[in-house]
Amino acid sequence: MQYDHSDIETRWREEWRKRSTYRVENDTTKPKYYVLDMFPYPSGAGLHVGHPLGYIASDIVARFKRHQGFNVLHPMGYDSFGLPAEQYAIQTGQHPAKTTEENAARYRQQLDAIGFSFDWDREVRTSDPSFYKWTQWIFIQLFESWYDHEAQRARPITELIARFGEQGWHPTDACALTGDVEEELGAFTASEWNTFDERTNQRILQHFRLAYLSEAWVNWCPALGTVLANDEVKDGVSERGGHPVERKRMPQWSMRITAYAQRLIDGLDTLDWSDSIKEAQRNWIGRSEGALVKFKLKAGEGNIEVFTTRPDTLFGVTFVTLAPEHELVESVTPTERREEVMAYVTTAKNRSERDRMADVKKVSGVFTGAYCIHPFTGKEVPVWVGDYVLGGYGTGAVMAVPGGDQRDWNFATHFGLPIIAVTEGADISKEADERKDAIICSEGFLQGLAVPEAITRAIDELVKLGAGERRINYRLRDAAFGRQRYWGEPIPIYYKDGVPYALPESELPLKLPEVDKFLPTEDGEPPLARAANWSYQGHPLETTTMPGWAGSSWYFLRYMDPQNEGRFASPEAIDYWQQIDLYVGGSEHATGHLLYFRFWTKFLHDRGYINFDEPAKKLVNQGMIQGRSAHIQRLNLSATINAGSTVLDNTESFVGFQKGDAVALYNHAPGPKLFISTELLNEWKRVHSDPSHPVERFMNGKLVSHGKLVSQAMGEEITIHVGGDVEHWTTSTIIPTDCIEGETLVNLDMLRQWRDDFADSQFIHKDSGFHASREVDKMSKSKWNVVNPDDIISKYGADTLRLYEMFLGPIEQSKPWDTNGIEGTFRFLRKFWNLFYESDVFSVSDEAPTKAEFKVLHATLKKVTEDIEKMSFNTSVSQFMIAVNELGALKCHKRDVLEPLTIALAPFAPHIAEELWQKLGHTTSVTTAIWPKWDAQHLVEDNFSYPISFNGKTRLQLEFPIALDAKSVEAAVLANPEVQQRLEGKAPKKVIVVPKRIVNIVV
RNA sequence: GCCCGGGUGGUGAAAUGGUAGACACGAGGGACUUAAAAUCCCUUGGUCCGUAAGGGCUGUGCGGGUUCAAGUCCCGCCCCGGGCACCA
């Protein structure tokens, strides 16, 4: 009988469903193992071949652990709140819940088709009120908590209120209590606290709550009418949708993650996560040790505060630089310099932060006219403004040490400011010396000290003078938590006299209200403001919703006890399942999800709800499966002309924009677009850069430069008289890979049909047709390069897909999707199947296996077992292939070999394994079979074939018994006639014998 | 600029410092077949010598080094991918 994957797979999936084969109980008599995949956002594009890569890997581990007797929790769900569904809702009026439901159903169907061992009874969806009830509940716990830096943990806010009532508050407690103070908070006594009105008390508490409302700089996206988190903004536009984003200050719900900065760093040491992810988190949190130094202003009151990691270089300070947005800039600048300074500030601020950071070489700045006083020398130090200092970092001011910092050096050199050497052996005429293993050579008490000692000494001195203190600085900011959107968890807060209060738990879940439109209101309020009666006991409810990462920050706990109505999960369930043993997902979540999820876990731990403070012990990042998208080049033309001498005739096909003395001719709307075939473009570029080749020579008369621009490609001749050179540039457009034949040839008819605007486009190409270029890109719907697993499953089956994705290479590595090799894994399964058949009849013998057959079996069991533990699945698939090839050659059809092999294959290819397992006469599922142990006795070799090398180059092989010791091997080798011949009678200088490895003869 | 990955045949890749290219795709040749599908066998890094058997040289991004022995370790570069942004 032929291997019929579609019959086997559909039958077994149905059977597993009927038998609830993958149902998991909280069975505390068995050891547990928790394998989790990062749950997907159910997008309209459906699942693509990139998604399952991680899911297959984790499914193999989950099944493997089950075979080893573990009770394995391996659930799946949906991160089902999100912007795409909302944007779709805005466009079509369709409720996001409906599209989400449809998309999830499609995902489910696709996931089922791959044969995953998920327990779907435990499915969670973040947009389900029974789930987000607990997201809201956790939010309230955060709102009702503060961070006690002395105890290093979160505590109920009631304890802080009691403390205020007894001791009041003093600003020196600031660091100890809040972690990140946004505004100055005046001191108050206990009796003052007790007599403040409610409003004042609540305002003060906002400074301590872990979820709090404050004025904050946010990334405002007008097009989406919403605020985006830092990690949701890419290149100044929203990551989803690509709309422009601007910095804006507004009231904003935030999470005080900064309170956990140190613990988030320290916790990394206990985790089995990849170094690159840990490093990314460390960099994101950005701890730096140093000192806060105060430079007293010469005129007037106050100090300029700077943070420095190098207080040892203080004697090298020759000026102080403020960021253009620094609040002191205006007040320190004397009237006579104000105009010049403020003019600079305005231009500098208008440059985007990104530009300012990217442009290291362009130095700009202005002297304010003010001076401050050096804390050690008492000398006057000029105060400058420079855009190389960023407002958002540290204190927004730096003490400039041009002798020890390259950027300060650049600034000083540019403006002719003095440069003092701070370290011995530095050549400050060429560059700054940033070495940290140097000796300080500047004047004063630091002279002659090594950098670390000098740092300590400098800080001691600053403290003594009251001019500074030791300070640890973090780059991490509090996380923005409110969204001006509809499709997210409502924040369970109401306002009484403008003061936020948490809803009582009995009011949860606070369900998303119905709205007429999913858009912000006309006066810019979030969509929830459209809802009728959006209030609690007459008090208005919060109208922003939670961000995408809220639900994913704790979902792993809900899987433990998904139906619990009285708690997010029962203490018993949490106690049993504990941390995630293996978490699999993409590394793009390094500083978003993976940081927040650790933060919430630590918080829940502090408040005593869970007994561990890291969510996932081991993390594996699967690489991206990339797509190969097709790009075509659109040609744009422009001509530089002399103003006034323009003659533009018949320009309907081109749209001209006059800018200064240049006319840009864009061939886009309303006229037809002009595209150029890749190879022709390359040819054109090559020749165009060579002045001896005029353009017309290879453009075949279609486009002619120098004085005249003619296009016949447009269907009619257009003549444009220009005075200067014609310039061209191209813009890349991505087209669907469906329109490509072979590697690069574009089917123009298909392309014209695909989208209206291609219908009347012009395509310039040679007789060989129009060619696109292929580029490796992220696989995504927007790139039109998505490969869907469904076609592969229907052609080859899920088992082949599973094996193939694993066979592609190491799990962490990114690679472009290519189905070229899939035949190999399909053939392997057919060969495996055929081991159970003889002339089309199922036939397995009970005969005892031979030594050779046992050796193949046990070598495979050993390799596969070890490889699964290392998550090296590509090599285990190879080993299965070797086993099948060898057993095929041995014509082995023996039960004692095939049965253990079937179990070992089951995690990889569960359908075929289950089918053969039943055919072998079993009535229980192969998933419950005990994992076969490999036995070293079958792997013992009698002989080893030594490679005999001369000076490291292998020349021949000689076989010796394994038991033979090194001396005897050496003697035997040297006695060999071929070796003798190669030695030509000379004695070897040295002979190295590594038992069971190699013999190397040095001549 | 900094940090983390990576660079091995036509392709995906393998290799505790110990025979580089396992396994698979593709390609070429052959067997079976009326034919095809399927299956099986052989060859397949480059290059040179040889009719052949066989043998030589060369080869893991580049240049050095350590070692009896380097894809693997060390130093210095180049390129690709990802992350971070000048925390002073």
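Reminder, nothing fancy here: chain letters follow the sequence lines and each chain counts from 1.
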query: Are the charged groups of A:R282 and A:E279 less than 4.0 angstrom apart, N to O?
result: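 Salt bridge flag = yes for A:E279 with A:R282.
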[N] and [M]: how far apart are their [atom1] atoms, nearest whole angstrom?
N      : M      : atom1 : answer
B:rG56 : B:rG64 : C1'   : 28 Å
B:rU60 : B:rC79 : C1'   : 16 Å
B:rG46 : B:rA22 : P     : 13 Å
B:rG61 : B:rC57 : C1'   : 22 Å
B:rG17 : B:rU51 : P     : 45 Å
B:rC77 : B:rC86 : P     : 25 Å
B:rA15 : B:rC87 : P     : 40 Å
B:rC32 : B:rA37 : C1'   : 13 Å

Choose from [options] the nucleotide whose nearest atom is closest to any side-chain atom of [X].
X      : options                : value
A:S878 : B:rC68, B:rA14, B:rC23 : B:rC23
A:T875 : B:rU19, B:rC68, B:rA15 : B:rA15
A:I882 : B:rA22, B:rC87, B:rU19 : B:rA22
A:N885 : B:rC68, B:rA13, B:rC23 : B:rC23
A:K831 : B:rC3, B:rA14, B:rA24  : B:rA24
A:K990 : B:rC4, B:rC23, B:rC68  : B:rC68
A:R830 : B:rA38, B:rA85, B:rG12 : B:rA38
A:I992 : B:rG12, B:rG18, B:rU19 : B:rG18

Quick one: is [N] close enough that its OP1 or OP2 comes under 4.0 Å of any side-chain N or O from [X]?
X      : N      : result
A:Q2   : B:rU39 : no
A:N874 : B:rG12 : no
A:R310 : B:rC87 : no
A:K953 : B:rU58 : yes
A:R287 : B:rC87 : no
A:R955 : B:rC57 : yes
A:R827 : B:rC25 : yes

message: Could you check whether atom CD of A:E959 has more than 12 heavy atoms from other residues, nucleotides or ligands sitting under 6.0 Å from it?
response: yes
field: Comparing A:T308 and A:T954 on RNA chain B - which has the more 5′ nearest nucleotide
entry: A:T954
message: Using heavy-atom distances to pick each residue's nearest nucleotide on RNA chain B, tell me which of A:M881 and A:M399 is more 5'.
response: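 Closest to the 5' end, via its nearest nucleotide, is A:M881.
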field: Anti/syn call for B:rG9, syn if |chi| within 90°
entry: syn
Under a 3.5 Å cut-off for both distances, is [N] Watson-Crick or wobble paired, and to whom?
N      : answer
B:rU39 : B:rA31
B:rG59 : none
B:rA13 : none
B:rU44 : B:rG26
B:rC2  : B:rG83

Whole-Å gap separating [atom2] ([N]) and [atom1] ([X]):
X      : N      : atom1 : atom2 : result
A:E886 : B:rA22 : CD    : P     : 14 Å
A:E812 : B:rG5  : CD    : P     : 12 Å
A:K996 : B:rU19 : NZ    : P     : 15 Å
A:W284 : B:rG82 : CH2   : P     : 17 Å
A:L958 : B:rU19 : CG    : P     : 16 Å
A:L803 : B:rC23 : CG    : P     : 17 Å
A:R282 : B:rC4  : CZ    : C1'   : 12 Å

task: Would you check if there is a donor-acceptor pair between the side chains of A:Q281 and A:R598 at a distance under 3.5 Å?
output: yes
- prompt: If you round to the nearest 0.5 Å, how far is CZ of A:R471 from OG1 of A:T308?
  reply: 13.0 Å
- prompt: Heavy atoms under 4.0 Å, any strand shown: does A:V994 hit a base, just sugar-phosphate, or nothing?
  reply: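 If one applies the 4.0 Å heavy-atom cut-off, A:V994 turns out to touch a base.
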- request: Scan A:Q957 against the nucleic acid and name what it touches under 4.0 Å (heavy atoms): base, sugar-phosphate only, or nothing.
  value: base
message: Do A:L476 and A:Y260 make a side-chain contact, defined as non-hydrogen atoms from C-beta onward lying under 4.5 Å apart?
response: no
task: For A:R310 and A:D312, run salt bridge (Lys or Arg N to Asp or Glu O under 4.0 Å): C-alpha distance rounded to whole Å, both residues' side-chain angles, the deciding distance at 0.1 Å, then the answer.
output: CA-CA 5 Å; A:R310 297 289 304 274; A:D312 54 310; 3.0 Å; yes
- prompt: Considering only heavy atoms and no angle criterion, is a donor-acceptor pair shorter than 3.5 Å present between the side chain of A:N1000 and the base of B:rC68?
  reply: yes
message: Given 3.5 Å as the limit, does a donor-acceptor pair link the side chain of A:K278 with the main chain of A:L268, or not?
response: yes
task: Run the ring-centre check on A:F908 versus A:F880 and record whether the distance is less than 6.0 Å.
output: yes
